Structures are given as structure tokens and as C-alpha cells.
Amino acid sequence: MALLVRDVMTPAVAAVQPDASLVEAAQLMRAQDIGDVLVAQDGVLLGVVTDRDITLRAVADGADPLTVSCRSVCTPEPVCVGPDEEISTAVALMRANAVRRLPVVENGTAVGMVSIGDVAREQDPGSALADISRAAPDTWPGNGGTGIPPIGSPGGPGFSGLR
């Protein structure tokens, strides 16, 4: 029997209102250790905003993330998948639409998210992507949670060791 999306999806969703600022979305992503949030109003899914959307569609253009709304940079009408669809359907949708994550929608309501990492953990547990997806979340001890020393410090980016 084929595995279904509901077997591998993350059953919780994080969402913001369309008029939420990009800072609000980014703070929610950081708090939840996720790379995207749904943009929804009155239970209706309007779009998805990713960390990449914030970076490329706003910050890189010099826009103020405190004043730019999620609606203005989100991907509207995202491709979705149902929880009772086979994983192969989700993979085909991700591939055809060049996306890494899909909202999982049942009866018009978002009930989860499925990512390429979720699929990798199930279908290819020994892959690098599966290993990365299983890794513990980053923390924020002042170094961005990456474990990389701050810029300019020994071992960190921008440190040449020369004085």
C-alpha cells in the first residue's frame, strides 16, 4: 500500500494575516523553526510566504520589512495537495512547480505542510537531505544558531587571522 501525504506531513500550520508585516512572518518562522508560513484570512488560504520570498522580493530591493505586508510578497494561490493523496502525487507537484513545500488542504482548510525533506526521510532515509531534515533545530545564542562563530571572530566568516 502506498504511503499517503498525511503519513509524512507536518500536521500543524503556521499562518499570518495578509496585512502582517514581513517582520511578523520572519519572527513566526524563527519561533517555529520553519521556512514558510501560510497567508490566510478567515480560514481561506491566500498564499505562502517563504524566508526566500522575504529576502528576494523585499529585503534585496531595500524594502522595509516592517512596512511591507505578507500579501505583497507571498506566492498567491499556492499549489496544494490533499492529505489522502499518495506521496508520489506530492513529489510530482513539487517537481512540476519547482517548490519544496506544499500546503496540505482538506475540505478547504489547511491541515498541514509536506516538504521535500518529509518525503526524503520516508523514502530515502539514508540520503543527505533526510539527514539534514532530521537535524536538531538551530538555537540562537548570538551566532544566528548556526554554530558558526560571529563574523570577524576566530573561525567565523570574514576572519582572516591576520592583523
Side-chain angles (χ1 to χ4, degrees), residues 3-124 127-140 144-147:
L3 281 175
L4 302 177
V5 168
R6 76 169 62 252
D7 298 325
V8 300
M9 72 180 197
T10 301
V13 294
V16 295
Q17 294 287 320
D19 60 349
S21 75
L22 298 182
V23 169
E24 291 175 71
Q27 289 172 338
L28 181 57
M29 288 181 208
R30 180 178 63 195
Q32 299 290 321
D33 192 40
I34 54 178
D36 63 346
V37 294
L38 303 180
V39 179
Q41 188 165 17
D42 300 324
V44 177
L45 178 61
L46 303 174
V48 174
V49 64
T50 68
D51 46 7
R52 184 171 171 85
D53 293 335
I54 293 170
T55 301
L56 298 181
R57 297 178 182 173
V59 176
D61 288 337
D64 180 357
L66 284 169
T67 61
V68 176
S69 72
C70 288
R71 178 193 318 256
S72 66
V73 300
C74 76
T75 299
E77 301 177 18
V79 176
C80 300
V81 67
D84 295 319
E85 298 287 334
E86 292 184 7
I87 291 175
S88 60
T89 299
V91 170
L93 286 169
M94 288 180 198
R95 183 175 284 138
N97 293 280
V99 295
R100 295 177 181 99
R101 307 169 190 100
L102 295 171
V104 181
V105 176
E106 184 173 41
N107 300 322
T109 302
V111 296
M113 292 291 287
V114 64
S115 72
I116 196 166
D118 297 331
V119 174
R121 283 193 309 270
E122 183 61 40
Q123 292 189 334
D124 192 5
S127 70
L129 180 56
D131 289 344
I132 292 166
S133 297
R134 276 190 298 272
D138 289 337
T139 57
W140 187 265
T146 62

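Heads up: numbering here begins at 1 and tracks the sequence. Note that the structure is a prediction, hence the values are computed from the model and not measured.
Heavy-atom minimum distance, Val16 versus Ala25: CG1-CA, 4.3 Å. Here the shortest heavy-atom pairing between Cys80 and Leu93 reads O-CD1, 3.7 Å. The minimum heavy-atom distance between Asp118 and Met9, with the atom names listed, is OD2-CA, 4.2 Å. Across all their heavy atoms, Leu45 and Ala40 have their closest contact at CA-CB, 4.3 Å. Residue Ala14 comes nearest to Leu28 through the heavy atom pair CB-CD2, 3.9 Å, listed as atom of the first residue, atom of the second, then distance. Taking all atoms of both residues into account, the shortest heavy-atom contact from Leu38 to Val48 is CD2-CG2, 3.7 Å.
For the atom pair CG (Leu3) and OG (Ser88), the distance works out to 10.0 Å, reported to the nearest 0.5 Å. Atom CG of residue Leu4 and atom CD of residue Glu86 lie 7.0 Å apart, to the nearest 0.5 angstrom. In this structure, Thr89 OG1 and Met94 CE are separated by 11.0 Å, a value rounded to the nearest 0.5 Å. With rounding to the nearest 0.5 Å, the separation of CD1 in Ile54 from CG in Asp36 is 10.0 Å. In this structure, CG in Asp19 is found 8.5 Å from SG in Cys70, a value given to the nearest 0.5 Å. Between the CG atom of Asn97 and the CG atom of Leu102 there is a distance of 7.5 Å, given to the nearest 0.5 Å.
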>> Could you walk me through whether Thr50 and Arg101 satisfy the side-chain contact (heavy atoms from CB on, under 4.5 Å) test, starting with their C-alpha distance in whole Å, then the side-chain angles of each, then the deciding distance to 0.1 Å, before giving a yes or no?
In response: CA-CA 10 Å; Thr50 68; Arg101 307 169 190 100; 4.0 Å; yes
> What's the verdict on side-chain contact (heavy atoms from CB on, under 4.5 Å) for Val99 and Val79, showing C-alpha distance, side-chain angles and the deciding distance?
Replying inline: CA-CA 9 Å; Val99 295; Val79 176; 5.5 Å; no
> Passes side-chain contact (heavy atoms from CB on, under 4.5 Å), Arg100 versus Ser115? Steps please.
Replying inline: CA-CA 6 Å; Arg100 295 177 181 99; Ser115 72; 6.0 Å; no
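Cys74 is linked by a side chain to side chain contact (heavy atoms under 4.5 Å, CB included) to Val39, Val49, counting only residues two or more places apart in sequence or in another chain. Partners of Glu106 according to the side chain to side chain contact (heavy atoms under 4.5 Å, CB included) rule, which considers only residues two or more places apart in sequence or in another chain, are Arg6, Pro83, Asp84, Val111. Under the rule for a side chain to side chain contact (heavy atoms under 4.5 Å, CB included), the partners of Leu56 that lie at least two apart in sequence or sit in another chain are Arg52. Evaluation of the side chain to side chain contact (heavy atoms under 4.5 Å, CB included) rule for Gln41 yields Gln17, Pro18, Leu46, Arg71 as partners, not counting sequence neighbours.
Side chain of Glu24 to backbone of Ser21: a donor-acceptor contact under 3.5 angstrom is found. The main-chain N or O of Pro78 is never found under 3.5 Å from a side-chain atom of Thr75 such that the two would form a donor-acceptor pair.
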Please list every donor-acceptor pair under 3.5 Å in which a side-chain atom of residues 60-67 meets a protein atom from a residue at least two apart or in another chain.
| residue | atom | partner | partner atom | Å |
| --- | --- | --- | --- | --- |
| Asp64 | OD1 | Leu66 | N | 2.9 |
| Thr67 | OG1 | Asp64 | O | 3.1 |

